[in-house]
Amino acid sequence: MHTGVKNTIDRMLDGLNEPQRAAVTHTEGPLLILAGPGSGKTRVVTHRAAHLALTTVEPWRILAITFTNKATREMRERVDALGVASGMTVSTFHAFCARTLRIFANRAGLQRNFTILDRDDRRKMLKKAITDAGLSGHWTPAGAERIISDAKNEMISAEAYDRNASEWRELQFVKIYKQYEVLLQQTASLDFDDLLMKVALLLEKDTALRNELEDQYAYVLIDEYQDTNAPQYKIAELLTRDHGNLCATGDPDQSIYGWRGANIENILRFEDDHPAATVVRLEQNYRSTQHILTAADALIAGNINRKEKTLWTENDDGSRVRIVEHELADDEANALAREIRAQITGGFDASDIAILYRINSLSRVIEEALLREGVRYQIARGVEFYNRKEIKDVLAYLRVLVNPVDEIALLRIINTPARGIGSTTIQRLVDAARQANVSILELLQGNSDLTPLGRSAGKVKIFAELLTSLQAALELPPPEALAYVINHSGLRAMYAHEGEIDNEPIGNLDELVSAASAFAQERPDASLVDWLEHAALVSDVDCVVAEGGLVTLMTLHAAKGLEFETVYIIGLEDGLLPFRRADDVEADDEEERRLCFVGMTRAKRRLTLSRARYRMLRGITERTVRSPFLDELPDSAVECAARTPKRTPRKSKTPDGRLPDDIAEWTLGTLVEHPTDGLGQVMSMTRGGKRTFVEVLFKTGSRKTFALEFADLRRVDFDEVG
DNA sequence: TGCCGGCCGATTTTT
DNA sequence: TCGGCCGGCA
C-alpha cells in the first residue's frame, strides 16, 4: 500500500471510536450498522465509502442509496471532502429506480421518456379511472389512491389483486386499479410507487440484468434501512444476492414511514436474513446533552417492538427539557416567537433553531407569530413550490414536449393561456382520439380532419403549431429550454399581464429557471428529461438551506437526519402527537412515539416541548388533552415551565416597575437587566411552593437562577433594547 | 367561452 | 380554514 494512501486512511480513522472504526474498516460481507441518533452515522457511512474506495474497489462500483436528495448531496460532498475521487453512485431510492427504468426501458417494457406523476396528477388519473369503471360517486380518488399505493408497496399488481378479490367492494376496486394501470400505460406514466415496484419486479424477472447490476455495484449501502418498504427491501437483496456486500444502516427506533409501507421488520430481521452479518452498534451520542438524551431514551423505552439499546453520552447535562403549556395555540405561537426573537436579539444564530410539528397545518399560527415579531424563517416545503399553478403550467408544457402522450399535462395546457378552446372542444378531442386510438397530440399534429370541431378547429390548429414550434426547446439544456418555453408558450405574457403589482407568479417562474441552472451546473450532462425527473422527485427537506440566518420550520418527518442547537416541538396533544384520526383503526402509537423520539433527538442543547389547551383545527377550536408522551418523560430530565396565564385583565406594574406582583407578566424569553450581570433573558421558569425561580442567560454567557421575589432583576421591554 | 361566487368536502406524515 | 368544483351569468 502506498504510504500516501496509508496516511490518508490513518487520518480518516482518527477520532473515531471503536465501533465507528469497526464499521468504517469493514469490507467483505453483510454489515448492519445500528446507529442511534447523533452517533455519527453519516460520518461513519461516508468514511466507510471512502475507505472502500481507497482500499478495495473503484469508487464507481459503490452504490449508496439515501432517502432524500438532501442526504444524497450531503453524502456526495462529504465523500468528496475526504479527498476520494468521486464517481460513486449516490442517489435516492426513487431517483435510482427512475434512472434504472429509463436506461433499461426496453427490458422493463416502458417508454424511455415516461412521465412521473405527482400526487395531483395521480388523483386526476384515478378520477378518470373511476369514471371509466362506471363507479364515480362510489369511490373517491383519494380512497382508491390509498389502496393502490398500499398494494404497490406490497408489490401486488392489479392482476394479483384480482386473483384474490372476492368481496364486492374489492371487485369494484380491482376495476379501478386495472383501469388506472391502463391509463398509466396509455399515457406512458408512472406513479411514485411504480418506480420502486417496477425495478423490484424487473430485477426479479430479468436475471441477466440483475447479474449485470450486481457486477457493477460491488458494494451497496442503504441508509435509513428501517424505512424501507417491500420493493426497496427486495431491490437491496437482489442487488447483493451473490456478493453479499450489503451495508444497511439505520435505527429501528426511528422508523417513521410505516404508513407508506415501510416495514420495520426489514431491519429487525437483518441478522436472520444474513447470518454472516457483522453487526455494529453505534450507541455513543455526540449530539445532545445528557438531559435531552435521558428524556428521549425514557420515551422510546415505552415501545415494545424494538431492539434494546443503550444510548449514552459524555456531553454535559445541559439544561432540562422544558415542557410548556399554553392556553391557546396563539399563545403558544406568540410565546415561541417572542422567545426566539429575544434569542436572536441576544446574539443567537437563527439557523440553529428549529420548530417541529406533527402536521403541516400547524405551521400557520407559528408563521404569523414569527412575522409579527420580525423573525425570518424558512419552511421545509419544497413540494409546495412545485405545486404552484404557474410552475405546474410550465412543467406541463415540458412534459408534453418530452412525452407527447402525457394526456394530463396536455389537457392542462391546451387552454392555458386561454386560447378559446373550451370544454366542449376538449371533450370532442378526447373522444375522437380515443376512437382513432391515438393520443390527442397525434390527432392534432396529424392530418386528421378537424372540421367536426367547427369554429374551434382553427384555434386547435394554432395550439398544435405552437407545440411544434416549442419542440426547439428539446435541443436546449434544461434552464434554456425552460426559459424558452416560458417565453414562447405565452405563459410569461399571461402571468405578466395578470399581476402588475403582485407578479409573484413571474417571480416563481424565474426562480424555477434559477433552480434549473443550479441543477445544470451540478449535472452538466443532464437532459431535460433528467431535470423533469429531478423536479418530480424533490422532497420537502430538499429546500432547506444550511446557512442564511433563518429559523427552520418543518414537520417531524422532514426533520429526520437533521440537528439543531435549539429545538421546539409544538402541539404535544393527545390525538395530534400521538396523531390519531377519529375513524382510524390502525393508529400506531409506537410509530408516533418514534416520531416524537426523532424530533427530540434533533436537539443538541435546548429542547422545548409545548402544547396548547385549546387548538383550532379545520376551523374548529377544541379543548385538547395533554399528550401522554409528556408523562413518559422522567422528572429528573424535565422541567415544567410556567404556562401562559388564563386570559385575565392585566394588572398594572408596581410603582417602581421592578418586582412583579403579577408574575404572569414574566414569561420565557422576557428580557431582564441585572445590576452586575447586565442584559439577559429568561430561559426557564419554575414554580416551587410560594416562589418562582427564573433561570437567566446573560449576554455575557453566564447563566444564573434567581428567586423572582428577591432578585434584583428589572424587566426590559423589547423597544428598550438597541 | 370565461369568470365569479358560493357551496361542499376533506384533512397526517412524503417520494 | 381553505381549496376545488359546479352552476349560473355575461
Side-chain angles (χ1 to χ4, degrees), chain A residues 65-72 91-98 116-120 122-124 127 140-143 145-146 149 152-153 190-197 224 227-229 231-232 255-262 329 356-365 368 380-384 386-387 389 414-427 454-456 459 498 533-542 554-560 571 575-584 586-588 591-592 594-596 598-599 615-621:
Chain A
I65 293 187
T66 61
F67 267 72
T68 65
N69 294 306
K70 189 167 192 281
T72 294
S91 175
T92 65
F93 247 118
H94 286 81
F96 172 75
C97 288
I116 300 171
L117 296 184
D118 67 19
R119 206 175 99 132
D120 284 357
R122 187 202 242 191
R123 293 232 170 135
K124 276 184 199 161
K127 193 176 175 195
T140 62
E145 179 186 40
R146 179 75 263 167
S149 185
K152 289 186 173 180
N153 285 331
L190 298 185
D191 61 31
F192 289 129
D193 302 321
D194 282 333
L195 296 174
L196 306 175
M197 183 177 82
E224 310 283 12
D227 282 323
T228 51
N229 62 17
Q232 289 165 329
S255 172
I256 54 174
Y257 285 101
W259 50 273
R260 70 173 198 212
L356 311 180
Y357 36 79
R358 180 63 178 82
I359 60 177
N360 278 304
S361 61
L362 291 199
S363 73
R364 241 193 96 196
V365 243
E368 284 165 5
R381 214 73 184 90
V383 176
E384 201 168 70
Y386 286 90
N387 267 335
K389 186 179 174 301
I414 195 166
N415 198 36
T416 307
R419 48 176 72 88
I421 303 174
S423 56
T424 321
T425 309
I426 291 172
Q427 195 50 54
R455 285 178 300 165
S456 304
K459 292 165 179 170
E498 229 175 52
E533 179 178 298
H534 176 80
L537 296 177
V538 287
S539 69
D540 282 348
V541 243
D542 296 337
M554 66 181 124
T555 62
L556 287 160
H557 282 91
K560 190 174 73 168
L576 191 55
L577 185 59
F579 190 87
R580 219 174 299 113
R581 273 170 63 162
D583 60 336
D584 214 343
E586 48 187 336
D588 185 350
E591 180 151 315
E592 295 297 314
R594 290 193 291 268
L595 196 50
C596 191
V598 166
R615 183 177 301 277
M616 183 168 70
L617 288 173
R618 309 161 236 167
I620 302 161
T621 301

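So you know, we letter chains A, B, ... as the sequences are listed, proteins then strands, and number each from 1. In what follows, every heavy atom counts, from backbone to side chain, and hydrogens, waters and symmetry copies are set aside.
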Q: Going by modelled atom types, is there a donor-acceptor pair between the base of B:dT12 and the side chain of A:Trp259 at under 3.5 Å?
A: no

Q: Using a cut-off of strictly less than 4.0 Å, decide whether A:Thr425 has a side-chain nitrogen or oxygen near OP1 or OP2 of B:dT1.
A: yes

Q: Measure from CG on A:Leu362 to C1' on B:dT12 and round the result to the nearest Å.
A: 10 Å

Q: Shoot me the first and last contacting nucleotide of DNA chain C against chain A, ordered 5' to 3', at under 4.0 angstrom to non-hydrogen atoms.
A: C:dT1 to C:dC2

Q: Applying side chain to side chain contact (heavy atoms under 4.5 Å, CB included), can you list everything that pairs with A:Thr424, at least two apart in sequence or on another chain?
A: A:Arg428

Q: Does a side-chain N or O from A:Thr555 land closer than 4.0 Å to OP1 or OP2 of B:dT12, or not?
A: no

Q: With sequence neighbours left out, what residues match A:Asn415 under side chain to side chain contact (heavy atoms under 4.5 Å, CB included)?
A: A:Ala418, A:Arg419, A:Ile421

Q: Going by salt bridge (Lys or Arg N to Asp or Glu O under 4.0 Å), name the residues that satisfy it together with A:Asp542, two or more places apart in sequence or in a different chain.
A: none

Q: Quickly work out the A:Leu595 CG to B:dT12 C1' distance and round it to whole Å.
A: 10 Å

Q: If you look at every strand shown and take non-hydrogen atoms under 4.0 Å, does A:Asn360 touch a base, only sugar-phosphate, or nothing?
A: sugar-phosphate

Q: Return the value, rounded to whole Å, for the distance between atom CD1 of A:Ile359 and atom P of B:dT11.
A: 13 Å

Q: Looking at every non-hydrogen atom in both residues, tell me the closest pair between A:Ser149 and A:Asp193 and how far apart they are.
A: OG-OD2, 2.8 Å

Q: Give A:Ala142 one of three labels, base, sugar-phosphate or nothing, depending on what nucleic acid heavy atoms sit under 4.0 Å from its own.
A: sugar-phosphate

Q: What is the distance from CZ of A:Arg580 to C1' of B:dT13, rounded to the nearest Å?
A: 16 Å

Q: Tell me: CZ of A:Arg381 to C1' of B:dT12, nearest whole Å?
A: 11 Å

Q: Write down the distance between CZ (A:Arg146) and C1' (B:dT14), rounded to a whole number of angstrom.
A: 11 Å

Q: Return the set of residues passing salt bridge (Lys or Arg N to Asp or Glu O under 4.0 Å) with A:Arg615 (not counting sequence neighbours), or none when no residue passes.
A: A:Glu332, A:Glu573

Q: Rounded to whole angstroms, how far apart are CG on A:Leu617 and C1' on B:dA10?
A: 13 Å

Q: Parallel under 30°, tilted from 30 to 60°, perpendicular over 60°: which one fits the rings of A:Tyr257 and A:His557?
A: tilted

Q: Check every atom of B:dA10, B:dT14, B:dT12 against the side chain of A:Phe579 and return the nucleotide holding the closest atom.
A: B:dT12

Q: Please give the distance between the C1' atoms of C:dG4 and B:dT13 as a whole number of Å.
A: 23 Å

Q: Give me the one residue out of A:Gln232, A:Arg260, A:Lys560 that meets side chain to side chain donor-acceptor pair (under 3.5 Å) with A:Asp227.
A: A:Lys560

Q: Among residues at least two apart in sequence or on other chains, which ones pass side chain to side chain contact (heavy atoms under 4.5 Å, CB included) with A:Thr92?
A: A:Thr66, A:Asn69, A:Thr72, A:His94, A:Ala95

Q: Nearest nucleotide by nearest heavy atom, which residue falls closer to the 5' end of DNA chain B, A:Val383 or A:Arg123?
A: A:Arg123

Q: Start at the 5' end of DNA chain B and walk down; is the nucleotide closest to A:Asp542 or to A:Glu592 reached first?
A: A:Glu592

Q: Taking CE from A:Met554 and P from B:dT14, how many angstroms apart are they, rounded to a whole number?
A: 11 Å

Q: Tabulated below should be each protein N or O lying under 3.5 Å from an N or O of nucleotides 2-8 of chain B; please produce it.
A:
| unit_1 | atom_1 | unit_2 | atom_2 | d |
| --- | --- | --- | --- | --- |
| B:dG2 | OP1 | A:Gly420 | N | 3.3 |
| B:dG2 | OP2 | A:Asn415 | ND2 | 3.0 |

Q: Can you list everything that forms a side chain to side chain contact (heavy atoms under 4.5 Å, CB included) with A:Glu145? Sequence neighbours excluded, please.
A: A:Arg119, A:Arg122, A:Arg123, A:Leu126

Q: Quick one: list whatever passes side-chain hydrogen bond (donor to acceptor under 3.5 Å, both in side chains) with A:Asn387, sequence neighbours left out.
A: none

